[in-house]
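Hydrogens, waters and symmetry mates are skipped; everything else that's a heavy atom, side chains included, is used. Every chain is numbered from 1, with letters handed out A, B, ... down the list of sequences.
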Amino acid sequence: GESVGLHLPTLSVQEGDNSIINCAYSNSASDYFIWYKQESGKGPQFIIDIRSNMDKRQGQRVTVLLNKTVKHLSLQIAATQPGDSAVYFCAVRNDYKLSFGAGTTVTVRA
Amino acid sequence: DAGVIQSPRHEVTEMGQEVTLRCKPISGHNSLFWYRQTMMRGLELLIYFNNNVPIDDSGMPEDRFSAKMPNASFSTLKIQPSEPRDSAVYFCASSLTAGDEQYFGPGTRLTVT
């Protein structure tokens, strides 16, 4: 099976600074990775994904980096805003099955 | 679209009672998933339906848990009898097909006393 782990359970960041959340996975055959954001009282919401044939993908204020050699991916949030306060999960998808990491709680300081 | 709809949003029940959680997937989606979220175990897939048929129920904890999908617009997750360790947030998610992005509902927070 797939094991997905996060490096830090919490992250406190000053508003306007960049945030970096890290994640490790165990199965070198995994080829599709997703970052989710979960706000209080809501379900996980898709942020950005990346396939194993890429090492970087950018969205609006977010960038995902994938290092297949060390089985590591990261989510970078540029110019962090109060609305970015949430729990962030990385997930590995194999066919229909999502394996989630434990989540990093990001708190944005004003 | 209203997104995935779940009811109730909160449920408090006593140990031994039957609990039924409900889900309405996004119209047109043919894949439906039930997840459970706890502090200890995180987000876990309980069961996956494709075209109303259960495909993978390997995540269902034990026989006290059952799920049905009588039609494309409705699914239930039932726990009978409920136990305190079933306390968790239960999410329903749907996707267009099995390999597409999964859209999560707001969840049902279940507390069993």
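- When the candidates Y48(B), Y103(B), Y35(B) are compared by the number of heavy-atom contacts under 4.5 Å with chain A, Y48(B) comes out ahead.
- Only the side chain of Y36(A) comes within contact range of chain B, with heavy atoms under 4.5 Å apart.
- Using a 4.0 Å cut-off between a side-chain N of Lys or Arg and a carboxylate O of Asp or Glu, D55(A) and K68(A) do not qualify as a salt bridge.
- The contact between Q37(B) and chain A is made entirely by side chain atoms (from C-beta outward), counting heavy-atom distances below 4.5 Å.
- For L43(B), the parts lying under 4.5 angstrom from a heavy atom of chain A are both the backbone and the side chain.
- Neither the backbone nor the side chain of Q45(A) comes within contact range of chain B, judged by heavy atoms closer than 4.5 Å.
- Most heavy-atom pairs under 4.5 Å with chain A: of the set Q6(B), R109(B), R41(B), E101(B), this distinction falls to E101(B).
- For chain A, the nearby part of F33(B) is the side chain; its heavy atoms alone come within less than 4.5 Å.
- Residues L96(B) and N30(B) share a closest heavy-atom pair of O-OD1, 2.7 Å.
- For N50(B), no part lies near chain A; criterion is any non-hydrogen pair under 4.5 Å.
- Within the 4.5 angstrom heavy-atom criterion, only side-chain atoms of S58(B), from C-beta onward, approach chain A.
- A salt bridge links E83(B) to R64(B): at least one charged side-chain nitrogen sits closer than 4.0 Å to a carboxylate oxygen.
- Annotation: maximal heavy-atom pairing with chain B below 4.5 Å, among P44(A), G41(A), S99(A), occurs at P44(A).
- By the criterion of side-chain heavy atoms lying less than 4.5 angstrom apart, applied directly or through intervening Ile, Leu, Val, Met, Phe, Trp or Tyr residues, M54(A) is grouped together with I48(A) in one hydrophobic cluster.
- The number of heavy atoms from other shown groups lying within 6.0 Å of CD (E62(B)) is above 12.
- Under 3.5 Å, the side chains of T80(A) and S19(A) contain a donor-acceptor pair of N or O atoms.
- Using a 4.0 Å cut-off between charged nitrogen and carboxylate oxygen, K97(A) and D56(B) count as a salt-bridge pair.
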